[in-house]
Amino acid sequence: MGLTGIQILGMLPKKNCKECGFPTCLAFAMKVAAGQADIAACPYVSEEAKEKISEASAPPIRTIKLGSGDHTLAVGGETVLFRHEKRFEHPTAIGLLLRTDMAEDEISERLAKFKKLRWERVGVKLEPEVIAIEDVGGDAQKMADLVKKVREEVPEAVLVLMSEKKDVLAAGAQECGEHKALLYGVTLENLKDMAELAKETGFPLGVKADSLGEAARISEELIKAGIKDIVLDTGPRGLRELYEDQVIMRRAAIKKRFKPFGFPSITFPFRFTENLVTEYMIASVLVAKYAGMIVLSDFRADLLYPLMVERMNIFTDPQRPLVVEEGIYPLNGPDENSPVCITCNFALTYFIVSGEIEGSRVPTWLLIKDTEGLSVLTAWAAGKFGADTIAEFVKKCGIADKVKHRKLIIPGYLAGIKGELEEELPDWEIVIGPREASGLPPFLKEWKAA
Ligand code: B12
């Protein structure tokens, strides 16, 4: 169980030095207990206390980091059973399968798909992250060659290397260098060898079990052997069992703090069907309940896209609205005579307004002001989209250098701030636009710079 703020305070040196960034040790302890500050920020806490507090405040499901640098992928780190209790932390990683016995052409075709099948939706990138390479035949050189090819052609991909043979995984790991791959294939038989390999490489291990009980046993043995980074596969028995395993592991880790299940899972839906559509349906269940990683037998745009959208929706933070970046958005190729509109950075508002402007084909500058994801009127009511903040943004954003005229079109719902805004921006004429974005196309077509 986590420690309370008072328990943490008891372990601090209580100097109230403020070096942690908080005014008192008590305030700092409360933040650490709430998971909003890291105990390492205290320069005077003893190593022993640091370890105890870090351990107690660690998420019940360990965060496993794979890859390297800009291409680091985190899985796990979950703290709740249901998203509305707080949020889910790390989206289920989606991967594509390669096998060491696949023909060159097929591998090239798959790598091309991996690079191509990515989208952007409401400002969020939808991208697969993982390539899993399965050893067929136990040839270490073949594994090394394929890992090398994948690293060269898609350096952004995080790798899962699949084999029950230590030398095959070691050869693949060698080609990864610093780019941490998941070494998948730990069984009761090879456990000792694999634990050694994990220690040599510093790479996480993937458990390959035949049942929930066996997964717990292997996990327990690995923990005893000093392995910290583990990913769990409970094995292919049936679809129902697969689903139940995910739920049981999540519940046991979060409700009972059962350590052997305190790790993310990896799943392979193709083991349950030969039909690709069914495979993606299984994957969609696993995104919702609770897979850490899913490896798919193949990528198909029409199946991958909805899976990615589902993942995006489940892993957004319910307490934070989707936002777009503050800035100047040129729509339909505007020039120095084109109209200038302003709106908030709530993604829903942005996509409605920009969609209408794009549809009108009128070249337009759209200014997006950061309102912390609130809609026009909500932001106004919250003091984030009033005359003062809009004026400040218009002055600093640089739009005055892009247009010759000085006319700013504001949302019709903000008509009430016209006078105040003209006082704040004396060089600008404030034009009240229509209330609804659907009124923008006829409005813009009528618009004249002079
Ligand atoms: Co509120 N909220 N809300 N709210 N909220 C409403 C906005 C409203 C109108 C409800 C009411 O009383 N009738 C009032 C504002 C009253 C007023 O000022 N006239 C209101 C209030 C008072 C509040 C609170 C202050 C309540 C409180 O705490 N006392 C807080 C403030 C938040 C804070 O302090 N942090 C509050 C909170 C919320 C939550 C629950 C957080 C959500 C916020 C969700 C979000 O913004 N991300 C919330 C909602 C959902 C709403 C609600 C129901 C819908 C807002 C919405 O999402 N609209 C409205 C009621 C309503 O509007 N029916 C109340 C959809 C988006 C797309 O609309 O941004 O306005 P939009 O964009 C449209 C137009 O403005 C136009 O096109 C878009 C589509 O047509 N448009 C244009 C947009 N940009 C541009 C640009 C140009 C140039 C043009 C021409 C047109």
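We count ligands from 1, going down the list as the structure has it; atoms in each ligand are counted the same way. Quick note: residue numbers are just sequence positions, from 1. In this text, all values refer to a predicted model and were calculated from it rather than measured experimentally.
- Within a 4.0 Å radius of atom 61 (C) of ligand 1, the protein contributes no heavy atom.
- Among protein heavy atoms, atom 57 (O) of ligand 1 sits closest to Phe346 CE2, 3.6 Å.
- For the pair Glu152 and Lys149, the salt-bridge criterion is not met [side-chain N within less than 4.0 Å of a carboxylate O].
- A salt bridge is absent between Glu156 and Lys125; no separation between the charged side-chain nitrogens and carboxylate oxygens falls under 4.0 Å.
- Between Tyr329 and Tyr350, the ring planes lie tilted relative to each other; the angle falls in the 30° to 60° range.
- Residue-to-ligand polar distances keep Tyr413 apart from ligand 1: every N/O pair is separated by 3.5 Å or more.
- Remark: minimum distance from atom 55 (C) of ligand 1 to any protein heavy atom is reached at Ser375 OG, 3.4 Å.
- The option with the heavy atom closest to atom 70 (O) of ligand 1, from among Asn345, Leu414, Ile352, Val376, is Val376.
- A distance-only check finds a donor-acceptor pair linking the side chain of Thr273 to the backbone of Asn275 [under 3.5 Å].
- Distance from atom 84 (N) of ligand 1 to its nearest protein heavy atom, with residue and atom name: Thr343 OG1, 2.6 Å.
- In this pair, Phe22 and Phe28 present their aromatic rings tilted. The plane angle is within the 30 to 60° band.
- With values rounded to the nearest 0.5 angstrom, Cys42 atom SG is found 11.5 Å from Ile8 atom CD1.
- Remark: Lys31 NZ is loosely packed, at most 12 non-hydrogen atoms of other residues, nucleotides or ligands lying under 6.0 Å away.
- The closest protein non-hydrogen atom to atom 82 (C) of ligand 1 is Pro411 CB, 3.7 Å.
- Within 4.0 Å of atom 16 (C) of ligand 1, not a single protein heavy atom is present.
- Selection from Thr371, Val431, Thr349 by nearest heavy atom to atom 67 (C) of ligand 1 gives Thr349.
- At a heavy-atom distance under 4.0 Å, no atom of Phe443 approaches ligand 1.
- Of all atoms in ligand 1, numbered sequentially from 1 with element shown, those under 4.0 Å from a heavy atom of Trp380 are 17 (C), 18 (O).
- The N/O atoms of Ser438, backbone and side chain alike, include none that comes under 3.5 Å of an N/O atom in ligand 1.
- What sits closest to atom 19 (N) of ligand 1 on the protein, heavy atoms only, is Leu377 CD2, 4.0 Å.
- Each of the atoms 79 (C), 80 (O) of ligand 1 lies under 4.0 Å from some heavy atom of Glu436.
- For atom 11 (C) of ligand 1, the nearest protein heavy atom lies 4.0 Å away or farther.
- Within a 4.0 Å radius of atom 80 (O) of ligand 1, the protein contributes at least one heavy atom.
- Considering backbone and side-chain N/O atoms, Gly373 comes within less than 3.5 Å of an N/O atom of ligand 1.
- The option from Thr378, Ile432, Leu367, Leu408 that lies nearest to atom 39 (C) of ligand 1, judged by heavy atoms, is Thr378.
- Between Ala437 and ligand 1, a contact under 3.5 Å exists for at least one N or O pair.
- For atom 87 (C) of ligand 1, a protein non-hydrogen atom is found at a distance below 4.0 Å.
- A cation-pi arrangement is present between Lys15 and Tyr44, with the terminal nitrogen or guanidinium carbon under 6.0 Å from the aromatic centre and inside a 45° cone about the axis.
- Aromatic ring centres of Tyr184 and Phe268 lie closer together than 6.0 Å.
- Residue contacts with ligand 1 include Arg435, since one or more of its heavy atoms lies under 4.0 Å from the ligand.
- For NZ of Lys256, the number of neighbouring non-hydrogen atoms (other residues, nucleotides, ligands) closer than 6.0 Å is 12 at most.
- With no hydrogens or angles considered, a side-chain donor-acceptor pair links Gln246 and Ser265 at under 3.5 Å.
- Contact annotation: for Val353 versus ligand 1, heavy atoms closer than 4.0 Å belong to the side chain alone.
- Protein heavy atom nearest atom 33 (C) of ligand 1, with residue, atom name and distance: Ala382 CB, 3.5 Å.
- Thr24 and Asn16 form no side-chain donor-acceptor contact under 3.5 Å, judged by distance and modelled atom types alone.
- Per-residue contacts place Ile409 under 4.0 angstrom from the following atoms of ligand 1 (heavy atoms of the residue considered): 88 (C).
- Counting non-hydrogen atoms of other residues, nucleotides and ligands closer than 6.0 Å to NZ of Lys113 gives a total above 12.
- By the 4.0 Å N-to-carboxylate-O rule, Glu48 lies too far from Lys50 to be salt-bridged with it.
- Distance check on atom 7 (C) of ligand 1: some protein heavy atom falls below the 4.0 Å cut-off.
- For atom 4 (N) of ligand 1, a protein heavy-atom neighbour is found at a distance under 4.0 Å.
- Atoms of ligand 1 lying under 4.0 Å from at least one heavy atom of Leu374, given by number and element, are 35 (N), 45 (C), 46 (O), 47 (N).
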Legend entry - Derivation of the salt bridge (Lys or Arg N to Asp or Glu O under 4.0 Å) call for Glu392 and Lys396: CA-CA 6 Å; Glu392 194 190 322; Lys396 74 162 193 213; 5.2 Å; no

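- For the side chain to side chain donor-acceptor pair (under 3.5 Å) test with Arg83, the passing option among Asn313, Thr316, Asp317 is Thr316; the others fail.
- Close approach of ligand 1 to Ile342 (heavy-atom distance below 4.0 Å) involves ligand atoms 86 (C), 87 (C), 88 (C).
- Using bins of under 30°, 30° to 60° and over 60° for the plane-to-plane angle, the ring pair Phe315/Phe88 lands in the tilted bin.
- For the residues Cys344, Pro434, Ala381, Pro321, the heavy atom positioned nearest atom 23 (C) of ligand 1 is part of Ala381.
- Atom 73 (C) of ligand 1 is never approached by the protein to below 4.0 angstrom, counting heavy atoms only.
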